[in-house]
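Below you'll find the structure, written out as structure tokens, and then a few comments.
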Amino acid sequence: MRTKIVPRDQAGALGERLRREGRRIAFANGCFEILHVGHVRFLQGAKEQGDVLVVGVNSDRSVAGLKGSGRPLLPEDARAELVAALRCVDYVVVFDEPTADQILRDLRPHVQCKGPDYTEESVPERSVMDELGGIVRIVGDPKNHSTRDLLADIARRAKAVTSDK
């Protein structure tokens, strides 16, 4: 799995090499705190958009900024390794920036994939993809899976188990 995980400062070189090889690069990103079926379906859909799928995993610092204190649940190295273990994922890059703008500029993918909680018009990095001449695609199943809901369900069930004793 480690060979699939690319250091952030090598994302540009990876993109250059893949384009030289004539590969269509799809990019997807997320926190991937607790890998669940929604993530798997999202990444499988993203893979269908290109020959190679590069996944950006938010660093611990960026997840804490996005999700608040106590997050992430798993450290970035573990989250990157879990994502890299998926057959549909070709490369993983951990990025520290608050948005995917800079990694998109460095990697220069042909397609940026986002989940169904967005529309092609509402994707925050859409202007960057327009600037790069790439496209945005919405992939994955309906957004009825989330880490937040999973955590709430775990907490509810744990409380029920402890109150039954």
Qualifying side chain to side chain donor-acceptor pair (under 3.5 Å) pairs, either residue in residues 45-55, two or more places apart | Lys47-Asp90
Pairing residues for [X] by the side-chain contact (heavy atoms from CB on, under 4.5 Å) criterion, not counting sequence neighbours:
X: Pro98; result: none
X: Val63; result: Cys31, Glu33, Asn58, Lys67, Arg71, Pro72, Arg79
X: Ala80; result: Ile5, Val92, Val94
X: Arg17; result: Leu14, Arg20, Glu21, Tyr91

How long is the gap from CD on Gln112 to CD on Glu120, to the nearest 0.5 Å?
-> 10.5 Å
Output all residues satisfying salt bridge (charged side-chain N to carboxylate O under 4.0 Å, His left out) with [X], sequence neighbours left out; order by chain, then residue number.
X: Arg24; answer: none
X: Glu121; answer: none
X: Asp130; answer: Arg126

Considering only Ile, Leu, Val, Met, Phe, Trp and Tyr, and joining two whenever side-chain heavy atoms are under 4.5 Å apart, list the other residues clustered with Ile135.
->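 Val111, listed by chain and number.
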For Gly134, does its backbone N or O pair with a side-chain atom of His110 as donor and acceptor, under 3.5 Å?
->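 Absent.
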Salt bridge (charged side-chain N to carboxylate O under 4.0 Å, His left out) contacts touching residues 104-116 (sequence neighbours left out) |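 Non-adjacent pairs meeting salt bridge (charged side-chain N to carboxylate O under 4.0 Å, His left out): Arg8-Asp106, Arg105-Glu131, Lys114-Glu125.
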With sequence neighbours left out, write down each residue that passes side-chain hydrogen bond (donor to acceptor under 3.5 Å, both in side chains) with Glu16, or none if nothing qualifies.
->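 Result, side-chain hydrogen bond (donor to acceptor under 3.5 Å, both in side chains) vs Glu16: none returned.
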